[in-house]
There are 2 protein chains.
Amino acid sequence: MHVTEQCLPANEVLARVGDKWTVLIVMLLGDGPQRFSELRRRIGTISQRMLTLTLRNLERDGLATRTVTPSIPPRVDYELTPLGHSLRGPLTALGGWAVENHPAMVAARSRYDAAQRDAA
Amino acid sequence: MHVTEQCLPANEVLARVGDKWTVLIVMLLGDGPQRFSELRRRIGTISQRMLTLTLRNLERDGLATRTVTPSIPPRVDYELTPLGHSLRGPLTALGGWAVENHPAMVAARSRYDAAQRDAA
DNA sequence: CTGAATCCGGCTTGATACTG
DNA sequence: CAGTATCAAGCCGGATTCAG
């Protein structure tokens with residue numbers, strides 16, 4: 001099996017999960033079901049629009065469920081599906097790599113940029 | 001430690017690696033050092049511009065090295081650094097999840113889109 | 001062969017205002 | 001409270017052309 005064939009779905013998942021808010025929200029939902037406003041408050045800087053869009057996409061991809069309680073005021077809870085929970089494993093693995101090697105990447109960038117400046 | 005703090009570097013790495021070509025190129029470079037034209041040929045559909053940009057970013061982040069052989073015609077080889085190789089582990093883990101669960105995601109999308117059409 | 005420079009279309013994100 | 005609609009801005013990726 002060629003590498004490229006493995007990479008098509010892998011890249012699609014990465015592109016999907018690599019957007020600005022998905023990882024954060026999946027991890028927050030890992031703590032258990034939560035309301036829209038609770039997620040909004042915990043993230044702090046996200047716009048209503050992006051929170052809605054990201055949650056919609058998670059629902060669409062079968063990673064989360066959306067439960068509406070028709071009360072006044074209305075209440076909507078989001079929860080990871082088993083599929084969504086299963087994503088947390090590989091995600092935390094990559095997260096572990098990130099926290100461990102992020103300093104090295106930042107350092108490499110500084111060196112590279114410094115070298116570029118010297119050349120200029 | 002809050003989840004959000006873990007997620008900042010994690011998301012940065014994912015955003016970096018979630019672009020259109022990085023994963024594929026890292027995996028191809030996993031086979032060993034390769035020339036610019038060889039990568040171009042193996043990928044097939046990538047533009048010169050994006051191959052150059054992606055490789056530059058890999059070099060900048062310390063994930064790959066760029067070796068120029070000043071001959072005529074010039075020859076440039078790219079190779080993963082130890083840091084780059086260490087990324088392959090978590091990457092293949094997520095890749096495994098992707099190939100395993102990609103069908104489920106596609107199916108979930110179809111269901112969701114069908115439900116949306118019915119509602120309309 | 002490898003890569004830089006330019007232009008351009010599209011998608012993603014964000015701010016703002018409005019609704020049930 | 002939980003959205004939807006609209007608009008503007010910015011970045012990404014692709015095609016093309018030129019250069020060492």
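As a basis for the values below, the full set of heavy atoms in this structure was taken, side chains included, without hydrogen atoms, waters or symmetry mates. All values derive from a computational prediction rather than experimental measurement. Letters A, B, ... are given to chains in the order of the sequence lines, protein chains preceding strands, and every chain is numbered from 1.
Side-chain N/O atoms of A:Arg56 include one lying less than 4.0 angstrom from OP1 or OP2 on D:dT4. The side chain of B:Ser47 contributes no N or O atom lying less than 4.0 Å from OP1 or OP2 of D:dA15.
Distance, A:Gln34 CD to D:dA2 C1': 16 Å, rounded to whole Å. Between the CD atom of A:Glu59 and the C1' atom of D:dG3 there is a distance of 13 Å, rounded to whole Å. Put simply, CD1 on A:Ile46 is 12 Å from P on D:dG3, counting in whole angstrom units. Rounded to an integer number of Å, the gap from CE of A:Met50 to C1' of D:dA2 is 16 Å. B:Leu51 places its CG atom 17 Å from the P atom of D:dC12, with the value rounded to the nearest Å. Note: CD (A:Glu38) to P (D:dC1) measures 12 Å, nearest angstrom. The interatomic distance linking B:Asn57 (CG) with D:dG13 (C1') rounds to 13 Å, in whole Å. Summarising the geometry, the separation between CD1 on B:Ile43 and C1' on D:dG13 is reported as 14 Å, rounded to the nearest angstrom.
For A:Arg109 and B:Glu12, the salt-bridge test passes: some basic side-chain N is under 4.0 Å from an acidic carboxylate O. The existence of a salt bridge linking A:Arg75 and A:Asp77 is confirmed by a sub-4.0 Å separation between a basic side-chain nitrogen and an acidic carboxylate oxygen. Residues A:Asp61 and A:Arg56 are not paired through a salt bridge, judged by the lack of any N-O separation under 4.0 Å between the basic side chain and the carboxylate.
Summary of helix geometry: the two end axes of the helix from C:dC1-D:dG20 to C:dG20-D:dC1, each defined by five base pairs via their C1' atoms, are inclined to each other by 40° (rounded to 10°).
Cluster annotation: B:Leu24 is connected to B:Leu53 through the hydrophobic network of ILVMFWY side chains, with a link wherever side-chain heavy atoms come within less than 4.5 Å.
Within 4.0 Å (heavy atoms only), A:Arg40 reaches no atom of the nucleic acid at all.
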Kindly give the atom pairs (protein nitrogen or oxygen, nucleotide nitrogen or oxygen) under 3.5 Å for nucleotides 5-9 of chain D.
residue : atom : partner : partner atom : Å
D:dT6   : O4   : A:Arg49 : NH1          : 3.2

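Using modelled atom types, no side-chain atom of A:Thr22 and backbone atom of A:Gly18 make a donor-acceptor pair closer than 3.5 Å. Checking side-chain atoms of B:Thr69 against main-chain N and O of B:Ser71 turns up no donor-acceptor pair under 3.5 Å. Of the possible donor and acceptor atoms, one in the side chain of B:Gln34 sits under 3.5 Å from a partner among the backbone N and O of B:Leu28. In this structure a side-chain-to-backbone donor-acceptor pair under 3.5 Å is missing from A:Thr54 to A:Trp21.
Sorted by first and then second residue, the pairs that involve residues 84-96 of chain A and meet side chain to side chain donor-acceptor pair (under 3.5 Å), not counting sequence neighbours, are A:Ser86-B:Trp97.
For the pair A:Thr45 and B:Gln48, nearest-nucleotide mapping onto DNA chain C gives the more 5' position to B:Gln48.
The salt bridge (Lys or Arg N to Asp or Glu O under 4.0 Å) test applied to B:Arg49 returns no partner, not counting sequence neighbours. Taking the salt bridge (Lys or Arg N to Asp or Glu O under 4.0 Å) definition, one finds that B:Arg40 meets it with nothing, sequence neighbours left out.
Of all nucleotides in DNA chain C, those with any atom nearer than 4.0 Å to a heavy atom of chain A start and finish, going 5' to 3', at C:dT13 to C:dG20.
Dense packing is recorded around CD of B:Glu38, with more than 12 heavy atoms of other residues, nucleotides or ligands lying under 6.0 Å away.
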